[in-house]
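Treat the numbers as computed from the prediction; the structure is a model and nothing was measured. Side chains are part of it too, since the values below use all heavy atoms of this structure and drop only hydrogens, waters and symmetry mates.
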Amino acid sequence: MNMVSWGNAASAVVFGAVLSAAFCGIRRTRLNGLLVTGCTAVLLLLQSIIYFRAGSDTVRLIYPLIAHFLLTAVLCLLNKKILWPAVSVLTAYLCCQIRRWPALFVSTIFSGGPVMQNAAELVVTVPILLILLRFAAPSVRSVSHSTVSVQIQFGLVPALYCGFDFLTRICTKHYWEGILAAEEFMPFVYSVTYLVFVVRASAEGRMRSQLEQIRKILNLQVAQAVREIEVLRESRQKNRIYSHDLRHHMQYLLSCIENGRFETAKGYIREVCSEIEAGKITVYCENETANLIFSAFAEKAKSCDIPMKIQAAILQDTAVSESDLCVLLSNALENALHACQRRKEKGLSGTIEVSAYEKKGTFFLQIVNSCEADITFENGIPVTSHAGHGIGVRSICAVVEKYDGIYAFSIKDDKFILRVSF
């Protein structure tokens, strides 16, 4: 028996076991290391016994059945999963073929034949293993966090290759006999896999582009909402200044009256009242941000002649961040206002009723507004085909999901109902 050939076969066992464990991503503990090492030692022992008793042909025939099943079983035990350990072993087995090309190049140049081929494979095993552990293993492990469908797609090529290699080269001689089906099978598989990869990558690219666009829109919404809050805060500050300067206003008015300048006094009163009215903030609850948003939309509804009733009891020290509360209330009220405006354009009436409170750490919001009956729902969420619309609903859902809450959208008697709780 050729000891070089046996050494090459043994190196392939170690190569596959180490790379399979690295691809599988098991925790690096002493116990796990001992189990993988013990499994490798058992595989080497079985292979050696078969090699020296039955020959290399028998080893090639039995090795895939023994090594793959035993190594997969051990990794399943350590990884607590079934699919990914199997994919890891098959992928590592596929990577074993990388050793053949440098060895083939060397044996071809020096005309060394099978002995030179085995010796070259033995020499390049460790460098190739280190390169794969350093550069390939992290990327392969990352696939284990993907969905089952992605893991299956990733493991499909190594699985087909292992089956093809076993049936056409190890179990039979179809590959060497030049059977057309055997020659064309793997090129066909790689072509189809490449096309599937291109289609999937293109779809994921479009999805990432859409998500990036939505993210930018949401950031713009948050920035706009924050700016509106700052403007409202400035208006409130002006009201405080007017209240503080009330004594000076009264002295000026008294001076006008004493000097008979009644029209000047009337004009001054009207000017001060209009400025105060423009910056008026109605107090609906303790929370300043909620008050500012409610006041802003109440003013918009009033200007559109749309009745809006607000009942709120939101605490100042609410668990909801200011930006999230701003996004939630602004988008919900804006959607309600737009729905009523569309009804007004058709000569129909529209109303908005808002209930918001916080009790025992739970935030609740309900907005009921008049709407059209032709609203489409998908999975309980209203959707629209109009470009640029629907972002508000996604923003509401995103905020609620951030706090592990629940949301519900429904229509009853030409009324759109939004309920949020978290």
Exercise. Minimum heavy-atom separation for C95 to L19, with atom names?
Worked result: CB-CD2, 3.6 Å

Exercise. Under a 4.5 Å cut-off applied to non-hydrogen side-chain atoms, are S355 and L365 in contact?
Worked result: no

For this session: For the residue pair E358 and T318, confirm or rule out a side-chain donor-acceptor distance under 3.5 Å.
Result: yes

Exercise. Ignoring hydrogens and geometry, is there a side-chain-to-backbone donor-acceptor pair from E353 to I310 under 3.5 Å?
Worked result: no

For this session: Answer whether the closest heavy-atom distance between the side chains of I306 and S349 falls below 4.5 Å.
Result: no

Exercise. Rounded to the nearest 0.5 Å, how far does SG of C304 lie from CD of E299?
Worked result: 10.5 Å

Exercise. Any donor-acceptor pair under 3.5 Å linking the side chain of Q47 with the backbone of A9?
Worked result: yes

Problem set entry | Heavy-atom check, side chain of I26 versus side chain of V36, under 4.5 Å | yes

Exercise. How far does CZ of F364 sit from CD1 of I406, to the nearest 0.5 angstrom?
Worked result: 9.0 Å

For this session: Considering non-hydrogen atoms only, spot the tightest contact between C326 and I293 and give its length.
Result: CA-CD1, 3.5 Å

Problem set entry | Greater than 12 external heavy atoms within 6.0 Å of L104's CG | yes

Exercise. In this structure, are over 12 heavy atoms from other groups packed under 6.0 Å from F69 atom CZ?
Worked result: no

Exercise. Under the 6.0 Å and 45° cation-pi test, does K359 pair with Y357?
Worked result: no

For this session: To the nearest 0.5 angstrom, please state how far the OG atom of S88 sits from the CD atom of Q151.
Result: 8.5 Å

Exercise. Under 4.5 Å between any side-chain heavy atoms of L328 and V320, yes or no?
Worked result: no

Exercise. Is R99 salt-bridged to E121, cutoff N-O under 4.0 Å?
Worked result: yes

For this session: Output yes when a side-chain donor or acceptor of N79 lies under 3.5 Å from a complementary backbone atom of L75, and no otherwise.
Result: no

Exercise. Mind checking whether F416 and P382 have side chains closer than 4.5 Å, heavy atoms only?
Worked result: yes

Exercise. Hey, does L325 have a side-chain heavy atom less than 4.5 Å from the side chain of L329?
Worked result: yes

For this session: Start with the C-alpha gap between V42 and C39, add the side-chain angles, then the distance that decides, and say whether side-chain contact (heavy atoms from CB on, under 4.5 Å) holds.
Result: CA-CA 5 Å; V42 170; C39 177; 5.8 Å; no

Exercise. Where the side chain of R141 meets the backbone of G25, is there a donor-acceptor pair that is under 3.5 Å apart?
Worked result: no

Problem set entry | Side-chain heavy atoms of I381 within contact of C397, under 4.5 Å | yes

For this session: Look at the aromatic rings of F422 and Y403 and report parallel, tilted or perpendicular, splitting at 30° and 60°.
Result: parallel

Seminar exercise, completed: For A17 and L71 the tightest heavy-atom approach is CA-CD2, 3.7 Å

Exercise. What heavy-atom pair brings M308 and F297 nearest, and what distance separates the two atoms?
Worked result: CE-O, 3.8 Å

For this session: Show the numbers, then the answer: is there a side-chain contact (heavy atoms from CB on, under 4.5 Å) between D324 and K402?
Result: CA-CA 9 Å; D324 289 336; K402 178 179 178 181; 2.9 Å; yes

Exercise. Any donor-acceptor pair under 3.5 Å linking the side chain of N331 with the backbone of V327?
Worked result: yes

For this session: Determine, stepwise, if the pair I417 / F409 fulfils side-chain contact (heavy atoms from CB on, under 4.5 Å).
Result: CA-CA 6 Å; I417 304 172; F409 304 88; over 6 Å; no

Problem set entry | Closest non-hydrogen atom pair between I128 and P102, with its separation | CD1-CG, 4.2 Å

Problem set entry | Nearest-0.5 Å distance that lies between atom CG in L122 and atom OG in S11 | 5.0 Å

Problem set entry | Non-hydrogen side-chain atoms of V157 and T91 separated by less than 4.5 Å | no

For this session: First locate atom CG of N32, then atom OG1 of T37, and finally report the distance between them rounded to the nearest 0.5 Å.
Result: 10.5 Å

Problem set entry | Donor-acceptor under 3.5 Å (N291 side chain, C285 main chain) | yes

For this session: Indicate the atoms forming the closest heavy-atom contact of S20 with V89, along with that distance.
Result: OG-CA, 3.5 Å

Exercise. Would you find a donor on one side and an acceptor on the other, under 3.5 Å apart, between the side chain of S303 and the backbone of K300?
Worked result: yes

Exercise. Is there a donor in the side chain of T351 and an acceptor in the side chain of K415, or the other way round, less than 3.5 Å apart?
Worked result: yes

For this session: I would like to know whether N335 and I396 meet side-chain contact (heavy atoms from CB on, under 4.5 Å); could you show each step before the answer?
Result: CA-CA 11 Å; N335 289 345; I396 294 170; 4.2 Å; yes

For this session: For W84 and F23, indicate whether the former's side chain and the latter's backbone hold a donor-acceptor pair under 3.5 Å.
Result: yes

For this session: Measure the spacing between CG of N369 and NE2 of H338 and express it to the nearest 0.5 Å.
Result: 11.5 Å

